Number of protein chains: 2
Amino acid sequence: MADRRTVILEAAARLIARRGVRGLRVEELAAEAAVSTGLIYYHFKDRSGILRATLEFISDRAGRYTADQVAEAAPAEPRSVLEETLLLEFQETEMVRENSTAWGELRASAMFDDTLRAGLEDATRVWNGEIAELIAAVLPAVPGDPAYASAQRLTALVEGLSGRWLSGGITVEAARDLMLDAVDVELARLAR
Amino acid sequence: MADRRTVILEAAARLIARRGVRGLRVEELAAEAAVSTGLIYYHFKDRSGILRATLEFISDRAGRYTADQVAEAAPAEPRSVLEETLLLEFQETEMVRENSTAWGELRASAMFDDTLRAGLEDATRVWNGEIAELIAAVLPAVPGDPAYASAQRLTALVEGLSGRWLSGGITVEAARDLMLDAVDVELARLAR
DNA sequence: AAAAACAAACTGAAGTTTCAGTCACGTTAG
DNA sequence: CTAACGTGACTGAAACTTCAGTTTGTTTTT
């Protein structure tokens with residue numbers, strides 16, 4: 001098993017997904033990680049330190065699983081790579097749900113906690129960049145700027161749709177359909 | 001001045017926008033509304049009752065200010081009515097920022113609080129319906145279903161972009177530009 | 001028209017619970 | 001040996017909720 005620090009972070013991600021940042025109790029985190037509260041303060045300065053570290057942990061993990069799954073798949077046309085990558089965020093698996101929920105929570109928390117903003121922005125920029133590159137792979141003729149704008153819209157839409165999915169407003173399937181159409185719409189526009 | 005119950009709700013919206021749902025303290029709410037803590041429990045059963053009532057209050061108010069501002073404006077082409085309506089959510093005014101922030105907070109909270117979901121879904125459905133109608137006004141030939149799907153994408157995008165705006169990721173101007181292009185993209189697709 | 005009864009709105013301090021953070025004291029690996 | 005790792009009971013402040021009682025306004029009685 002991973003070292004205790006990692007165990008704590010995994011537990012934090014799980015708990016944030018289940019109860020939200022607002023509902024994260026240090027004592028409960030200790031129980032979930034099967035660890036003492038003292039150890040948590042040994043590894044992380046304070047509650048907000050836990051959150052910051054968890055954000056980093058989650059975005060690392062998200063980056064890893066998207067990269068993995070895309071690499072795993074048979075070499076496909078650029079377009080379906082783009083679609084698959086965006087759709088990875090809409091799956092009924094524990095890890096995706098966990099990551100998405102926690103991500104949404106941290107995004108929401110960042111509105112009131114400056115210390116979270118920097119990390120969130122970096123992660124968002126990286127994500128936008130990845131999507132922009134995938135778009136460029138589909139339409140090499142398109143200059144970078146419009147592609148990046150499309151990427152911003154698509155990733156923002158992922159977040160918006162995730163919010164609705166996770167708060168019970170729509171099903172994963174509906175979210176996937178809406179997302180696919182959005183890709184279609186954006187590419188058609190860029191191709192013009 | 002409005003009755004005390006309303007005063008409390010206005011104060012709650014202000015405070016949620018300033019400190020977040022998690023940061024809402026009943027005592028602070030009492031102070032902000034210039035009211036005793038007891039009165040809050042007199043009008044709302046408990047803390048979560050405050051949140052539920054505030055959600056309702058906010059979505060009513062949002063409905064009102066969009067309707068008002070659109071009605072106020074000189075009769076315009078349907079297309080710009082649609083654009084204006086969506087852009088109303090991206091303004092650097094106190095009330096819009098307040099509504100958007102509080103809305104985002106409540107959406108996030110709904111992921112973990114079932115009692116908030118119903119209200120949120122209703123409000124979302126109404127909003128989608130309004131946008132779908134505006135789309136139909138621009139393109140009367142388009143059947144309702146695709147128009148509603150476009151509306152869903154556009155409102156989800158509003159939420160996604162709002163999240164980024166309010167957590168400092170992008171400026172209002174950037175959000176507005178991205179939004180306008182999204183309208184363009186969606187309409188172009190529907191017109192096909 | 002004055003008094004009495006009643007109800008709704010409201011107060012603020014006290015009771016209770018919850019929770020982040022600490023500390024004195026083990027345990028283990030190098 | 002010792003430094004890093006780890007424990008869990010404890011603390012104090014802060015927060016939610018309750019409640020006994022006051023004020024204000026309305027209705028009924030005499």
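In what follows, chains carry the letters A, B, and so on, assigned in the order in which the sequence lines appear, proteins first and then strands, with residues in each chain numbered from 1. Being a predicted model, the structure only gives us computed values, none of them experimental.
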**Message:** Protein within reach of the bases, or only the backbone? For nucleotides 3-16 of chain D, mark each nucleotide 5' to 3' as B, S or -, using heavy atoms under 4.0 Å.
**Reply:** -SBSBBB-----SS
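- Clustering of Ile, Leu, Val, Met, Phe, Trp and Tyr side chains at separations under 4.5 Å places B:Y42 together with B:I8, B:L9, B:L15, B:I16, B:V21, B:L24, B:V26, B:L29, B:V35, B:L39, B:I40, B:Y41, B:F44, B:I50, B:L51, B:L55, B:F57, B:I58, B:W103, B:L106, B:L116, B:L120.
- Counting only residues at least two apart or on different chains, the salt bridge (charged side-chain N to carboxylate O under 4.0 Å, His left out) pairs with a member in residues 162-172 of chain B are A:E159-B:R164.
- Over its full length, the helix from C:dA1-D:dT30 to C:dG30-D:dC1 turns its helical axis through 0°, comparing axes from the five pairs at each end and rounding to 10°.
- Members clustered with A:V185: B:V185, by chain and number, using a 4.5 Å side-chain heavy-atom cutoff among hydrophobic residues.
- Side-chain contact of B:E186 with B:S150: a donor-acceptor pair under 3.5 Å is present, judged by distance alone.
- Residues passing the side chain to side chain contact (heavy atoms under 4.5 Å, CB included) test with A:A31, sequence neighbours excluded: none.
- Applying the under-4.5 Å side-chain rule to Ile, Leu, Val, Met, Phe, Trp and Tyr, the cluster around A:V126 consists of that residue alone.
- Remark: B:D145 pairs with no residue by the salt bridge (Lys or Arg N to Asp or Glu O under 4.0 Å) rule, at least two apart or across chains.
- In summary, contact between chain A and DNA chain C, defined as any nucleotide atom under 4.0 Å from a heavy atom of the protein, begins and ends at C:dC19 to C:dT22 in the 5' to 3' direction.
- Considering only residues two or more places apart in sequence or on other chains, B:R97 meets the salt bridge (Lys or Arg N to Asp or Glu O under 4.0 Å) condition with B:E92.
- With sequence neighbours excluded, the residues that form a salt bridge (Lys or Arg N to Asp or Glu O under 4.0 Å) with A:E83 are A:R79.
- In this structure A:E94 satisfies the side chain to side chain contact (heavy atoms under 4.5 Å, CB included) test together with A:E98, sequence neighbours excluded.
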